[in-house]
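Just so you know, these numbers come straight off a predicted model, no measurement behind them. We count residues from 1, following the sequence as given.
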Amino acid sequence: MSNLLIVESKNDKIFIEALVQYLNFTKIQLDKPICFEEDDYKCLQGLDQAKLTSTFEEIKATIRKKAIPKVGIIIDQDSDTKTERLNWLNDCLKNVYPEAEDIRETSQLYRLTTIEDQITEFACYFTNVDGQGKLETVLKKIKSQDSTYADCLEDWRNC
């Protein structure tokens with residue numbers, strides 16, 4: 001029985017996989033990213049509600065076959081407020097699990113009992129710095145050396 005972790009993009013997945021391996025968390029399996037495009041450019045405008053809903057549908061089908069005790073969701077907060085992001089996430093969750101309890105806080109587990117009486121707990125975390133941003137924002141904030149190339153790449157992506 002493995003826990004499942006959902007991330008937003010393939011870059012997030014690479015970083016989180018390295019972190020999970022470094023911390024030696026052996027009972028965590030990373031799912032495919034929500035926004036996976038060959039060059040990831042389609043994900044630059046934010047998350048897609050249909051893709052996250054589809055991911056929840058896949059999880060629901062998987063839970064019928066094998067238990068997943070906990071599902072974690074790590075997505076960027078971007079320019080949304082925490083409340084706006086939570087509402088958005090709950091809308092996606094309710095499309096697949098109408099009986100699900102609303103996720104009211106980040107970093108808290110919320111219990112979901114499926115039709116088959118299997119219990120799965122959901123939690124979420126929004127990567128941000130001071131209530132805004134994404135994983136890249138966090139990494140730039142904690143950098144220990146000059147990041148001229150990363151800053152240049154960010155400017156290119158914005159362009």
Side-chain angles (χ1 to χ4, degrees), residues 2-25 27-59 68-97 100-112 120-159:
S2 289
N3 297 319
L4 186 63
L5 190 57
I6 301 167
V7 295
E8 186 172 335
S9 72
K10 64 182 178 182
N11 293 332
D12 294 357
K13 183 177 182 190
I14 292 166
F15 175 78
I16 298 296
E17 278 178 332
L19 185 61
V20 165
Q21 185 177 8
Y22 177 78
L23 296 173
N24 199 25
F25 291 152
K27 293 192 176 196
I28 295 177
Q29 172 191 338
L30 263 83
D31 200 6
K32 69 181 188 306
I34 299 164
C35 290
F36 181 78
E37 301 295 338
E38 198 56 40
D39 56 9
D40 226 14
Y41 76 93
K42 290 183 181 176
C43 297
L44 293 177
Q45 298 305 314
L47 286 172
D48 182 280
Q49 192 166 11
K51 287 183 181 180
L52 183 56
T53 300
S54 174
T55 299
F56 287 147
E57 288 169 350
E58 290 174 22
I59 291 170
I68 301 174
K70 296 177 185 172
V71 175
I73 305 148
I74 300 175
I75 56 178
D76 297 336
Q77 188 160 331
D78 295 325
S79 59
D80 291 341
T81 67
K82 183 176 169 184
T83 301
E84 289 169 335
R85 190 52 96 192
L86 282 168
N87 289 340
W88 181 87
L89 178 67
N90 282 315
D91 287 346
C92 295
L93 193 60
K94 295 284 185 173
N95 283 334
V96 180
Y97 299 101
E101 178 183 357
D102 276 350
I103 296 176
R104 297 176 305 281
E105 258 321 304
T106 59
S107 305
Q108 301 269 335
L109 286 168
Y110 291 89
R111 185 178 232 180
L112 172 71
T120 298
E121 294 178 301
F122 281 79
C124 67
Y125 181 78
F126 306 139
T127 51
N128 70 85
V129 173
D130 299 326
Q132 299 274 302
K134 51 192 170 190
L135 179 60
E136 290 86 347
T137 311
V138 174
L139 294 176
K140 283 182 183 183
K141 188 77 172 173
I142 62 173
K143 68 184 179 184
S144 63
Q145 297 177 354
D146 180 47
S147 64
T148 304
Y149 295 114
D151 294 341
C152 179
L153 181 60
E154 183 65 28
D155 287 341
W156 173 82
R157 287 176 67 177
N158 289 336
C159 181

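- Counting heavy atoms from C-beta outward, Lys70 and Leu109 have side chains that approach closer than 4.5 Å.
- With a 4.5 Å cut-off on side-chain heavy atoms, Val7 and Leu135 do not count as touching.
- Note that CG of Asn87 is 11.5 Å distant from NZ of Lys94, once rounded to the nearest 0.5 Å.
- One distance of note links CG of Asp130 with NZ of Lys141; it measures 6.0 Å at 0.5 Å rounding.
- Of all heavy-atom pairs between Ile75 and Trp88, the closest is CD1-CZ3, 4.0 Å.
- Heavy-atom minimum distance, Ser2 versus Pro69: O-CD, 3.4 Å.
- The closest side-chain heavy-atom distance from Arg85 to Thr106 is not below 4.5 Å.
- For the atom pair NZ of Lys51 and CD of Glu8, the computed distance is 10.5 Å after rounding to the nearest 0.5 Å.
- Of the inter-residue distances, the one linking Leu19 atom CG with Leu23 atom CG reads 4.5 Å to the nearest 0.5 angstrom.
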Stepwise side chain to side chain contact (heavy atoms under 4.5 Å, CB included) check, Asn3 with Phe25
CA-CA 10 Å; Asn3 297 319; Phe25 291 152; over 6 Å; no

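- Put simply, the side chain of Cys92 does not reach to within 4.5 Å of the side chain of Thr55, judged on heavy atoms.
- For the pair Leu5/Tyr125, no side-chain contact is recorded, criterion being any heavy-atom separation below 4.5 Å from C-beta on.
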Applying salt bridge (Lys or Arg N to Asp or Glu O under 4.0 Å) to Lys134 and Asp12, what does each step give before you reach the verdict?
CA-CA 10 Å; Lys134 51 192 170 190; Asp12 294 357; over 6 Å; no

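- Here the shortest heavy-atom pairing between Leu86 and Cys124 reads CD2-SG, 3.9 Å.
- Side chain of Thr120 to main chain of Ile68: a donor-acceptor pair is present (N/O by atom type, distance under 3.5 Å, no hydrogens or angles).
- The structure places OG1 of Thr137 at 8.5 Å from CG of Asn128, a figure rounded to the nearest 0.5 Å.
- The structure places CD of Gln21 at 12.5 Å from CD1 of Ile28, a figure rounded to the nearest 0.5 Å.
- Across all their heavy atoms, Glu121 and Arg111 have their closest contact at CG-CA, 4.2 Å.
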What verdict does the side chain to side chain contact (heavy atoms under 4.5 Å, CB included) test give for Ile59 and Val96, after you've listed the backbone C-alpha separation in whole Å, the side-chain angles of each residue and the deciding distance to 0.1 Å?
CA-CA 10 Å; Ile59 291 170; Val96 180; over 6 Å; no

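- The closest side-chain heavy-atom distance from Phe126 to Asp80 is not below 4.5 Å.
- Proximity of Phe122 to Ile73: side-chain heavy atoms (C-beta onward) are separated by under 4.5 Å at one or more points.
- Between the side chain of Tyr110 and the backbone N or O of Glu105 there is at least one donor-acceptor pair closer than 3.5 Å.
- For the pair Phe15 and Ile74, the minimum side-chain heavy-atom distance is 4.5 Å or more.
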